Amino acid sequence: MEKIKILIVDDESRMRKLVKDFLGREGYLVREAGDGMEALEIFYEEKDIALIILDVMMPRMDGWQTCREIRQSSQVPIIMLTARSEEHDELQGFELGVDEYISKPFSPKILVARVEAILRRSHAIGTGDVIDAGGIIIDKAAHQVKIDDTEIDLSFKEFELLAYFVENQGIALSREKILNNVWNYDYFGDARTIDTHVKKLRSKLGDKGNYIKTIWGMGYKFEVEA
């Protein structure tokens with residue numbers, strides 16, 4: 001079976017080697033880039049990158065700009081690495097469509113676990129049928145959402161969040177429960193991570209964004225309006 005290809009982008013060769021060694025042991029094929037410009041060249045040339053691990057602080061083109069460029073044409077899962085753990089940096093990452101956010105220093109084993117969780121969900125997310133939730137058509141196998149025959153461009157995490165809401169229609173979901181099920185790990189950041197994603201998801205769904213109800217002081221509930 002063909003190996004899954006992962007792109008690690010970091011200007012520190014020691015960090016790239018560390019991540020490459022750990023991922024290589026798990027059977028992944030790892031490509032390396034020392035900055036954003038090199039990363040974009042590899043990404044657009046090879047076209048089969050399944051996931052990107054992207055450092056923030058780099059020469060020539062930093063992680064933020066690299067992420068913006070990639071998101072113009074692709075929803076490939078992105079894990080952002082940073083030496084800073086300030087809240088506004090994290091929120092900016094999620095605004096740009098980052099799927100996971102890990103602060104340095106980190107445990108390579110934890111990083112591998114995050115990679116495996118994302119890839120497992122992105123490749124296996126489609127075992128269910130097509131779902132019609134009040135005119136929102138979700139094809140989990142194709143990882144596609146349509147409204148009125150128009151495809152809605154969602155990031156990987158936005159798609160997962162919408163699918164989770166739809167599969168739990170009418171149920172009030174706490175932020176903690178959403179984090180545990182959609183992010184799939186114990187998340188210690190600010191709950192606004194969810195609020196940021198919900199805000200973007202509502203906007204992309206247009207009028208049907210109103211199906212996502214806010215439960216004040218608790219979380220959210222997806223409910224199709226009659």
Side-chain angles (χ1 to χ4, degrees), residues 1-7 28 40 43-54 66-80 93-101 114-171 173 177-185 193-213 220-225:
M1 192 170 88
E2 189 174 349
K3 289 186 176 181
I4 294 174
K5 189 181 293 185
I6 296 173
L7 175 60
Y28 297 108
L40 291 176
F43 180 72
Y44 291 124
E45 180 180 331
E46 304 198 7
K47 300 184 184 300
D48 60 347
I49 304 294
L51 181 143
I52 299 174
I53 300 172
L54 181 62
T66 306
C67 182
R68 289 188 188 96
E69 293 286 340
I70 291 171
R71 281 290 175 259
Q72 289 181 12
S73 62
S74 173
Q75 295 300 329
V76 62
I78 295 176
I79 296 178
M80 188 75 86
F94 288 130
E95 285 280 1
L96 291 175
V98 173
D99 298 286
E100 301 284 6
Y101 194 98
R114 302 271 180 89
V115 167
E116 290 179 339
I118 288 180
L119 291 174
R120 183 169 59 248
R121 298 196 302 270
S122 64
H123 285 80
I125 202 165
T127 54
D129 297 325
V130 174
I131 303 169
D132 184 346
I136 302 173
I137 311 300
I138 303 175
D139 186 337
K140 298 181 73 174
H143 208 272
Q144 184 181 71
V145 174
K146 288 185 177 181
I147 297 177
D148 298 328
D149 290 326
T150 300
E151 185 173 351
I152 308 301
D153 187 23
L154 300 182
S155 72
F156 170 76
K157 196 60 70 176
E158 289 164 354
F159 182 92
E160 280 204 311
L161 182 59
L162 177 61
Y164 182 66
F165 278 145
V166 169
E167 289 166 352
N168 291 275
Q169 289 189 57
I171 300 174
L173 302 168
K177 190 168 184 179
I178 295 170
L179 283 171
N180 287 338
N181 284 274
V182 177
W183 273 255
N184 202 34
Y185 64 93
T193 294
I194 295 176
D195 299 336
T196 297
H197 280 78
V198 168
K199 180 180 179 181
K200 292 184 69 176
L201 184 57
R202 279 173 170 159
S203 176
K204 291 183 178 182
L205 294 176
D207 293 341
K208 298 187 188 302
N210 294 327
Y211 293 169
I212 305 174
K213 313 292 186 184
Y220 297 95
K221 177 171 65 173
F222 185 91
E223 200 166 48
V224 175
E225 297 172 352

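Side chains included, hydrogens not; waters and symmetry mates left out as well; all remaining heavy atoms used. The model shown is predicted, which means the values in this text are computed figures rather than measured ones. This chain uses plain numbering: 1 for the first residue, then up along the sequence.
For Asn168, the side-chain contact (heavy atoms from CB on, under 4.5 Å) partners two or more places apart in sequence, or in a different chain, are Tyr164, Ile171, Leu173. In terms of the side chain to side chain donor-acceptor pair (under 3.5 Å) criterion, Glu223 has no residue partners (sequence neighbours excluded). For Arg202, the salt bridge (Lys or Arg N to Asp or Glu O under 4.0 Å) test picks out no residue, with sequence neighbours left out. In this structure Ile147 satisfies the side-chain contact (heavy atoms from CB on, under 4.5 Å) test together with Ile136, Ile152, Leu205, Lys208, sequence neighbours excluded. Listed by chain and number, the residues in a side chain to side chain donor-acceptor pair (under 3.5 Å) with Asp48 are Lys5 (sequence neighbours excluded). Applying the side chain to side chain donor-acceptor pair (under 3.5 Å) criterion to Tyr28, with sequence neighbours excluded, gives no partner residue. Residues that satisfy the ring-ring contact (aromatic ring centres under 6.0 Å, His included) test with Tyr220, not counting sequence neighbours, are absent from this structure. For Lys204, the side chain to side chain donor-acceptor pair (under 3.5 Å) partners two or more places apart in sequence, or in a different chain, are Glu158.
Listed here is the closest heavy atom pair of Ala50 and Ile4: CB-CG2, 3.5 Å. The minimum heavy-atom distance linking His197 with Leu161 is given by the pair CB-CD2, 3.8 Å. Closest of all the heavy-atom pairs between Val224 and Gly134 is CG1-CA, 3.6 Å. Counting all heavy atoms, side chain and backbone alike, Val98 lies closest to Cys67 at CG2-SG, 3.9 Å.
Phe165 places a side-chain heavy atom less than 4.5 Å from the side chain of Val198.
Annotation: the span from Leu162 atom CG to Ile138 atom CD1 amounts to 4.0 Å, rounded to 0.5 Å. Separating the CD1 atom in Ile6 from the CD1 atom in Ile53 is a distance of 5.5 Å, to the nearest 0.5 Å. How far CD1 of Ile79 is from CG of Leu51: 5.0 Å, rounded to the nearest 0.5 Å. Summarising the geometry, atom CG belonging to Leu201 is positioned 12.5 Å from atom OG1 belonging to Thr196; distances are rounded to the nearest 0.5 Å. Between atom CD1 of residue Ile70 and atom CG of residue Leu7 there is a gap of 7.5 Å, rounded to the nearest 0.5 Å.
Within 6.0 Å of the NZ atom in Lys213, the count of heavy atoms belonging to other residues, nucleotides or ligands exceeds 12.
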Take Leu154 and Gln75, measure what side chain to side chain contact (heavy atoms under 4.5 Å, CB included) needs, and give me the verdict at the end.
CA-CA 7 Å; Leu154 300 182; Gln75 295 300 329; over 6 Å; no
Please test Ile78 against Phe156 for side chain to side chain contact (heavy atoms under 4.5 Å, CB included), starting from the C-alpha separation and ending with a verdict.
CA-CA 9 Å; Ile78 295 176; Phe156 170 76; over 6 Å; no
Derivation and outcome, side chain to side chain contact (heavy atoms under 4.5 Å, CB included), residues Phe43 and Thr66
CA-CA 11 Å; Phe43 180 72; Thr66 306; over 6 Å; no
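Residues Asp99 and Arg71 are paired through a salt bridge, judged by an N-O separation under 4.0 Å between the basic side chain and the carboxylate.
Each salt bridge (charged side-chain N to carboxylate O under 4.0 Å, His left out) pair with one or both residues in residues 141-151, not counting sequence neighbours, would appear here, but there are none.
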